[in-house]
Amino acid sequence: MIKIENVNKYFYKGEDRELHALKNINLSIEKGEYSIEKGEYSLLTGPSGCGKTTLLNVIGALDSFDSGKIYFEDRELGALSEDEKTTIRLNEIGFVFQAYNLVPVLNVEENIGFIMRLRGFPDSEIRERVKEVAAILEIDTKLRSLPSTLSGGQQQRVAVARAVAAKPKIILADEPTANLDSKNSKALMDMMRSLNVTENISIVFASHDKDVLESVDRVIKLNDGEIIES
Amino acid sequence: MYKLILKLAFDNAFLRLSRTMLVIIMIAVSMSMMLSIQGLYDGMTLSMIEKTKRSDSGEISIYAKGYRLSKTITNSIKNVSKIKKVLEAKPEIDALAIRIKADGLSATARKSSFSTMIGIDLKEEEHFGTFSEFLKEGEVTFSKRGVLLGSELAKTLKVKIGSKVIFSAQDSDGEINAMALKVRGIMQTSNISLDASAMYIDKKVLQEFLGIPKDAAMQIAIRTKSKTLENSLVAEYRTLEVKSFLSLYPIIKQMEDMMVIFNSITFFIVMLVVFIGIMGVMYVSILDRIREFGIMRSIGLSYKLIRLQIFLEALFLGLSGYIIGAILGYAALSYLKHVGLDLSAFADGMESYGMSKVIYGDIKLSYFTSTLLAIIGASLLSVLPPLRKIKTMNTIEVTKVET
Ligand SMILES: Nc1ncnc2c1ncn2[C@@H]1O[C@H](COP(=O)(O)OP(=O)(O)OP(=O)(O)O)[C@@H](O)[C@H]1O
Ligand SMILES: [Mg+2]
């Protein structure tokens with residue numbers, strides 16, 4: 001589903017390369033590594049600052065990279081226009097951002113339904129689906145609230161709900177359990193697993209959470225921008 | 001999906017209420033002021049045109065060839081009653097005024113002035129241009145050798161109602177004759193030359209005084225709504241001079257052109273206000289919300305839809321301003337149209353320039369439609385610079401939170 005070949009990414013300070021954030025990343029059979037496949041349920045892990053978020057952003061057609069190739073179901077991301085990448089993000093990818101990234105003017109219900117609405121799902125289906133995921137994540141009493149009135153953990157669950165509601169092909173979840181207690185965190189992981197099994201949605205987590213580590217099928221370890229184990 | 005964009009635009013446009021209200025009020029006030037000024041300009045021109053037509057030329061005037069160059073008794077239209085019959089039979093002609101005129105000297109014991117004696121038929125003039133409405137003082141009557149004086153002429157001669165005036169002029173035999181007249185009324189037509197020199201007396205009295213035939217006249221003025229009449233009359237009366245209002249008063253054509261320029265300038269200024277106002281507010285608002293746009297971009301909202309949202313926001317601002325501005329403007333224009341703006345306090349001399357003390361506005365639908373279009377245009381244009389910010393932003397950078 002997703003193949004990564006020799007990807008390098010730098011962060012720049014002006015003209016100068018400030019940081020080599022991703023170093024020769026390969027996730028592709030041809031390069032002797034397993035690619036990210038349909039039904040994938042895996043974890044990117046590693047110490048803070050090792051490049052987990054950066055790699056998710058690059059895989060998710062959100063950030064650019066400096067060399068190498070990434071194939072998203074045979075489309076080479078580096079060759080796509082900004083509009084084409086936006087369409088892929090909308091229709092095929094569900095992001096859970098480490099910083100939640102909720103739309104501040106929209107309430108919880110509208111935030112969760114945002115992507116479905118952009119994709120043109122009928123109103124009734126959006127309402128049903130929003131209720132369903134909100135109930136699982138125990139935010140169904142907050143549907144009318146604005147994000148700014150929620151706690152960190154609640155916002156995090158809204159961010160997860162938004163990413164999963166439209167049932168994308170792949171969910172890229174950056175620290176989705178970071179602010180959750182173990183009960184909520186378990187409910188979230190159960191939901192993720194069931195989406196993975198019943199809808200065959202691929203899921204890649206980035207996390208240092210033990211609960212996540214224990215539940216995934218595969219662990220990709222990063223250190224200082226390099227894959228050290230996969 | 002478009003419902004969502006509409007909601008986002010609407011919520012955001014009114015999210016920061018005080019900022020939003022400020023632009024809306026700015027637009028509304030400048031727009032209503034522009035409408036009032038436009039209405040006044042147009043009302044002024046219109047009233048001047050109307051008064052000139054009523055007091056003198058109508059839409060078309062007929063003279064004998066040569067009369068306008070040399071205003072002598074011999075240069076008169078000869079067979080007036082026949083022409084009158086023909087003209088009266090034309091359905092497109094609403095009213096006629098047939099006048100006799102003679103230049104001469106008017107004098108009191110102490111003052112004298114050049115003046116033009118105009119022989120008129122009061123009933124005819126009333127129908128032609130509600131002559132009695134020009135009365136400033138006294139009565140509209142010619143009884144007992146009565147004369148009506150133009151307001152400025154009355155000032156020059158320092159006469160009041162009841163004063164005596166001697167008018168002398170050359171008759172058809174070349175003799176200088178004089179007659180004593182009594183001032184019955186003072187007329188103010190706002191037609192500069194008439195107010196400065198006209199004396200109105202009964203047509204028959206003037207005819208006798210000048211010794212000219214009953215069938216002669218200096219001017220046949222016509223009121224009509226027809227646009228084609230002038231050409232057909234030109235063809236019909238080749239031996240006479242058929243003149244349209246604008247060719248008789250070219251200065252008014254110039255004034256009309258000036259007004260168009262004035263109006264365009266005010267219009268342009270107001271649009272600039274709308275443009276700058278909305279641009280300022282939208283620029284700040286977009287910078288404020290750049291993270292929000294980054295978020296929406298990153299979860300798949302296309303640039304096109306964001307642009308649509310921004311356009312809609314600007315339109316909400318522009319149109320809210322427009323609606324309030326249109327209501328205020330309409331109220332102001334209605335007031336100006338019905339009550340008028342009384343300038344007498346600080347514009348005593350205005351009348352002598354052909355303007356009335358009280359100027360009345362005009363209301364045209366086109367004021368509102370053209371501002372609507374211009375505000376829509378200015379609103380849309382004003383967000384182009386802030387939109388560049390969104391187009392060129394780096395979504396990762398702008399969504400990053402400082403921790
Ligand atoms: N926009 C940026 N400009 C410069 N350097 C950056 C930028 N974003 C990330 N980095 C650097 O790139 C490296 C990888 O960052 P990244 O956010 O991917 O780490 P992470 O593994 O997600 O860490 P964490 O577990 O704390 O979320 C870090 O050293 C970080 O400082
Ligand atoms: Mg991270």
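The chains referred to below are lettered A, B, ... by the order of the sequence lines, with proteins before strands, and numbering in each begins at 1.
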Is chain A contacted by the side chain of [X], its backbone, both, or neither, given a heavy-atom distance below 4.5 Å?
X        : value
B:Leu15  : side chain
B:Ser298 : both
B:Leu301 : both

Part of [X] within contact of chain B (heavy atom distance under 4.5 Å):
X        : value
A:Arg119 : neither
A:Gln98  : neither
A:Phe121 : neither
A:Ile115 : side chain
A:Asp123 : side chain

Under 30°, 30 to 60°, or over 60°: which ring-plane class applies to B:Phe14 and B:Phe316, parallel, tilted or perpendicular?
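Aromatic pair B:Phe14/B:Phe316 classed tilted.
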
Electrostatic pair [X]-[Y], nearest N-O below 4.0 angstrom:
X        : Y        : answer
B:Asp288 : B:Arg19  : yes
B:Arg289 : B:Glu313 : yes
A:Lys3   : A:Glu73  : no

Heavy-atom pairs under 4.5 Å with chain B are the metric here; pick the option from A:Leu102, A:Thr87, A:Asn57, A:Leu90 that has the most.
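Heavy-atom pair counts peak at A:Leu90.
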
B:Met282: which of B:Asn12, B:Leu287, B:Val383, B:Leu387 passes side-chain contact (heavy atoms from CB on, under 4.5 Å)
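Testing B:Met282 for a side-chain contact (heavy atoms from CB on, under 4.5 Å) against B:Asn12, B:Leu287, B:Val383, B:Leu387 leaves exactly one candidate, B:Val383.
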
If I compare all heavy atoms of A:Ile201 with all of A:Asn196, which pair ends up nearest, and what's the gap?
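Between these two residues, the closest heavy atoms are O-ND2, 2.8 Å.
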
